[in-house]
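Proteins come first, then strands; the chains are lettered A, B, ... in the order of their sequence lines, and each starts at number 1.
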2 protein chains.
Amino acid sequence: MVNLMHGNLNAQSSQPDKVDIYLHPLFKHCDDNFIKTLGTISRKITCEKGQTLLFRGDKAVFFYLIRSGCVKLYRETIDGTLAVVDILTAGQVFCEISIFEKCHHPYNAEVVEAGEVIMIPVELLQEEIKNNHQFALDVLRLVANHCRQQERELEHRSLQNAAQRIGCFFLRLLNRREGEGGTFHLPYDKMLVASRLGMQPETFSRALAKLKKETGIHIKGSKIKVDNISNIAKYTCSACSSEFPCKDLDFSKGR
Amino acid sequence: MVNLMHGNLNAQSSQPDKVDIYLHPLFKHCDDNFIKTLGTISRKITCEKGQTLLFRGDKAVFFYLIRSGCVKLYRETIDGTLAVVDILTAGQVFCEISIFEKCHHPYNAEVVEAGEVIMIPVELLQEEIKNNHQFALDVLRLVANHCRQQERELEHRSLQNAAQRIGCFFLRLLNRREGEGGTFHLPYDKMLVASRLGMQPETFSRALAKLKKETGIHIKGSKIKVDNISNIAKYTCSACSSEFPCKDLDFSKGR
DNA sequence: CGAGGGTTTGAAGTGCATCAAATAGTGTGG
DNA sequence: CCACACTATTTGATGCACTTCAAACCCTCG
């Protein structure tokens with residue numbers, strides 16, 4: 001079990017096996033009774049790779065929390081072109097807007113790595129939102145946090161080049177103090193990382209090579225070793241309005 | 001006065017002179033007493049072009065509503081490169097996250113067209129959020145709506161080319177039924193539209209010419225005449241996951 | 001009228017996408 | 001344990017969209 005209270009992007013790279021829903025910060029102001037109901041009523045499903053959890057346009061009836069595995073959120077045009085919204089791993093949540101509003105899914109969700117997903121019926125949460133003012137505020141915080149993440153994402157797409165976006169992604173995976181380095185594994189396929197960062201696999205490969213040259217990081221398969229974070233920060237954060245270390249994402253990994 | 005209850009992006013193009021804060025849908029569940037307090041305590045300021053309303057990183061103490069004029073929200077890297085987040089006109093609001101959370105501004109706000117702005121102290125709203133459950137939900141809706149807008153924006157940046165983004169922008173300005181055309185004015189400078197859509201003025205100029213060729217629209221200065229909306233929809237919406245007409249934005253123009 | 005932006009046009013450069021093909025890695029059945 | 005199939009990743013070559021730099025044009029407003 002991973003305590004999401006202290007969860008950060010590191011949890012992604014360490015790939016925890018299971019995640020306890022009770023500990024997601026979204027529920028920190030919910031009482032034991034509600035948590036118990038949550039445990040009873042929510043569905044836990046085991047998903048295979050390739051399985052589609054929900055389709056864009058479908059009515060949202062569940063709020064999702066990933067216990068393990070990996071889920072890709074994406075939009076698709078008529079001609080089949082994909083725009084990946086995000087790729088989520090253990091501990092992350094999605095469809096949070098459905099918690100308070102009747103809505104239709106704004107994206108598709110596909111399992112890209114087998115795992116377990118918890119589905120919480122939205123009525124349950126909508127009820128809680130009415131009774132528990134603190135919970136309403138926590139939902140608000142979750143949504144707002146997602147909003148800020150997207151603002152940052154949008155900025156990165158217009159100001160950072162491919163190599164800088166990868167570097168920034170690595171910095172978030174590392175999440176250490178300035179100077180300190182470390183080793184970590186990519187949370188998923190390079191192809192998926194590429195799509196997550198809005199680039200082609202070929203571009204990712206070349207940009208990663210460039211990042212290596214520029215910052216002196218070591219790469220072996222999916223293992224990345226960083227001796228000095230500042231090198232990456234210097235290289236990537238010059239093309240961003242936030243300074244390293246990024247303080248944007250401190251509430252939770254919720255979506 | 002413009003009734004924001006029924007406001008849509010058309011309001012942008014018709015450039016209303018003044019906007020009544022009471023009618024913003026955010027306040028639809030607030031009682032007269034609160035509205036009166038709002039009128040008393042909020043500041044109305046007249047802004048000159050070029051004036052900076054707030055700086056990124058400053059502590060957020062006001063929620064902003066634009067009565068008239070035009071405000072640019074942007075982020076800036078150390079070397080001075082800008083990333084425009086949005087450009088807002090009469091009836092639109094910003095800094096809504098400050099309504100429920102102590103936060104620092106994630107962007108700068110600069111007046112690009114002189115006008116009047118209303119500043120509402122966040123304490124007032126934070127108080128109301130505690131007392132008025134419906135208001136809390138309306139704030140949630142406002143934030144969620146902003147979130148969806150950004151999701152769409154992000155998709156557009158990765159799937160649509162420059163001409164298609166302009167066409168999509170026009171469709172939102174027109175906001176009519178399929179087939180019906182119309183005439184409208186750009187809500188602000190072409191330079192600003194370009195920055196809003198994440199492209200250079202030169203690119204905008206060339207892409208607009210391309211859009212004209214592809215869809216048969218008529219352009220004279222800032223006046224755009226569209227005979228048949230479907231032509232634009234056919235051209236732009238093919239590179240988007242939503243089909244025309246876009247239903248994404250039905251709550252308000254809030255930000 | 002003339003100064004100063006906004007807008008357009010031209011020419012050249014850059015970054016990423018695309019297409020193609022080679023190479024590495026992984027899982028399968030024999 | 002190996003050979004095969006299949007996928008992921010890398011590398012090369014080329015093309016396209018957008019940017020950048022430069023200059024002309026145009027419009028507005030003092």
Side-chain angles (χ1 to χ4, degrees), chain A residues 48-50 70 72 77 79-84 87 112-114 156-168 185-214 218-224 235-236 238-239, chain B residues 48-50 70 72 77 79-84 87 110 112-114 156-168 185-214 219-224 235-236 238-239:
Chain A
E48 294 311 309
K49 179 170 174 169
C70 211
K72 176 171 78 172
T77 66
D79 65 5
T81 319
L82 296 192
V84 172
I87 293 176
V112 288
E113 252 177 52
H156 286 180
R157 294 288 168 99
S158 70
L159 297 182
Q160 292 183 329
N161 66 31
Q164 287 169 328
R165 288 213 296 283
I166 298 173
C168 181
H185 280 262
L186 294 180
Y188 31 76
D189 268 359
K190 287 186 180 176
M191 276 181 78
L192 285 171
V193 178
S195 69
R196 165 67 238 281
L197 298 175
M199 61 186 83
Q200 298 303 311
E202 296 95 326
T203 303
F204 179 84
S205 177
R206 283 184 257 258
L208 186 57
K210 187 178 171 190
L211 185 69
K212 179 181 172 178
K213 209 183 91 193
E214 296 281 346
H218 308 275
I219 303 162
K220 185 164 230 169
S222 76
K223 203 175 78 180
I224 315 283
Y235 179 67
T236 69
S238 64
Chain B
E48 293 312 309
K49 180 170 176 171
C70 209
K72 177 171 79 174
T77 65
D79 64 6
T81 318
L82 296 193
V84 172
I87 293 177
E110 181 189 319
V112 287
E113 251 175 53
H156 285 180
R157 294 287 169 99
S158 71
L159 297 182
Q160 293 184 327
N161 65 30
Q164 289 169 327
R165 287 212 297 283
I166 298 173
C168 181
H185 281 262
L186 295 179
Y188 31 76
D189 267 0
K190 287 185 179 175
M191 276 182 77
L192 285 170
V193 177
S195 68
R196 165 66 238 279
L197 298 174
M199 63 187 81
Q200 299 302 312
E202 296 95 324
T203 303
F204 179 84
S205 177
R206 285 184 254 257
L208 186 57
K210 188 178 172 191
L211 185 69
K212 179 181 171 177
K213 208 182 92 192
E214 296 281 346
I219 303 161
K220 185 164 232 169
S222 75
K223 202 174 80 181
I224 315 283
Y235 179 68
T236 67
S238 65

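Atom CE in A:Met191 sits about 9 Å away from atom C1' in D:dT7, given to the nearest Å. Atom pair A:Ile219:CD1 and D:dA8:P shows a separation of 20 Å (rounding to whole Å applied). One can place NZ of B:Lys210 at 18 Å from C1' of C:dT8, the figure rounded to the nearest angstrom. A:Lys223 places its NZ atom 16 Å from the C1' atom of C:dG25, with the value rounded to the nearest Å. Per the geometry, CD belonging to B:Glu113 stands 17 Å off P belonging to C:dG5, to the nearest Å. As a whole-Å value, the separation of A:Lys213 NZ from D:dT11 P is 13 Å. For B:Arg157 and D:dA17, the CZ to P distance is 18 Å, given to the nearest whole Å. The CD1 atom of B:Ile166 sits 12 Å away from the P atom of C:dT7 (whole-angstrom rounding).
Among C:dC16, C:dG6, D:dA8, the nucleotide with an atom closest to any side-chain atom of A:Ala162 is C:dC16. Set against D:dT9, D:dA17, C:dT8, the side chain of B:Ser205 has C:dT8 as its closest nucleotide. Among the nucleotides D:dA8, C:dT8, C:dG6, the one closest to the side chain of A:Asp189 is D:dA8.
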I'd like a table of atom pairs between the protein and nucleotides 17-19 of chain C - only N or O on both sides, under 3.5 Å - with the distance next to each one.
{"from": "C:dA17", "atom 1": "OP2", "to": "A:Gln200", "atom 2": "N", "distance (Å)": "3.3"}
{"from": "C:dA17", "atom 1": "OP2", "to": "A:Thr203", "atom 2": "OG1", "distance (Å)": "2.4"}
{"from": "C:dT18", "atom 1": "O4", "to": "A:Arg206", "atom 2": "NH2", "distance (Å)": "3.0"}
{"from": "C:dC19", "atom 1": "N4", "to": "A:Glu202", "atom 2": "OE2", "distance (Å)": "3.2"}

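Within the model, atoms OG1 of A:Thr236 and CD of A:Glu214 stand 11.5 Å from one another, a figure rounded to the nearest 0.5 Å. In this structure, B:Gln164 CD and B:Leu197 CG are separated by 12.5 Å, a value rounded to the nearest 0.5 Å. The CG atom of B:Leu192 sits 11.5 Å away from atom CZ of B:Arg196, with the distance rounded to the nearest 0.5 Å.
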Practice problem: List the steps and the verdict of side-chain contact (heavy atoms from CB on, under 4.5 Å) for A:Ser238 and B:Asp79. | Solution: CA-CA 8 Å; A:Ser238 64; B:Asp79 64 6; over 6 Å; no
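The side-chain heavy atoms of A:Lys223 and A:His218, taken from C-beta on, include no pair separated by under 4.5 Å. Side-chain contact check for A:Lys72 versus A:Tyr188: every heavy-atom pair is 4.5 Å or farther apart. Taking the side chain as every heavy atom from C-beta outward, B:Ser205 and B:Lys190 never approach each other to under 4.5 Å.
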